[in-house]
Amino acid sequence: MRDNCTTMLVGKKASLDESTIVARDEDYDQGFNEKRFVYYPAKNYDELFVSKGTGVEIPLKGEGCGFTAVRDAVEDYGRFDEQGINSYNVAMSSTESEASNRRVFDGSQ
């Protein structure tokens, strides 16, 4: 499939200099959107996250750790924190872009 984003995560035990590396490409839509690297400090959460894309609601409660994120600089379509590493050195990639691809749901190629 040509319209999927790809992320590569390399842990410190897999890199020669013990670096944690995150690499990501964006194939969605035009494939180029200005990005912003941000850091969210640890905080005590008591809020509701609502996805602009799907309407999914997720209650955020309790003590959260700090984390980095790479997001679209313009949030017209929602907040897409596409990748990041938290203060426990756990890395992840997570977006909702697959929901806009018909092939994900019906299996067509």
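Note that the structure is a prediction, hence the values are computed from the model and not measured.
- Shown here is Tyr39, whose OH atom has more than 12 heavy atoms of other residues, nucleotides or ligands within 6.0 Å.
- Taken from CD1 in Ile85 to SG in Cys65, the straight-line distance is 12.0 Å, to the nearest 0.5 Å.
- Annotation: side chain of Phe67 is not in contact with side chain of Val90 (no heavy-atom distance under 4.5 Å).
- Here NZ of Lys35 is found 11.0 Å from CZ of Arg71. Values are rounded to the nearest 0.5 Å.
- Across Val50 and Gly55, no two heavy atoms sit closer than the pair CG1-O, 4.2 Å.
- By the side-chain hydrogen bond (donor to acceptor under 3.5 Å, both in side chains) test, Asn44 pairs with no residue at all, sequence neighbours left out.
- Partners of Asp46 according to the side-chain hydrogen bond (donor to acceptor under 3.5 Å, both in side chains) rule, which considers only residues two or more places apart in sequence or in another chain, are Lys61.
- Panel note: side chain Thr68, backbone Val38; no donor-acceptor pair is recorded below 3.5 Å.
- Cluster membership for Tyr45 and Ile58, using ILVMFWY side-chain heavy atoms within less than 4.5 angstrom, is shared.
- We find the CG-NZ distance between Asp17 and Lys12 to be 12.0 Å, quoted to the nearest 0.5 Å.
- The CZ atom of Phe49 sits 8.0 Å away from the CG atom of Leu60 when rounded to the nearest 0.5 Å.
- The two residues Ala69 and Tyr40 come nearest to each other via the heavy atoms CB-CE1, 3.8 Å.
- Residues Val70 and Arg36 form no side-chain contact, since every pair of their non-hydrogen atoms from C-beta on lies 4.5 Å or further apart.
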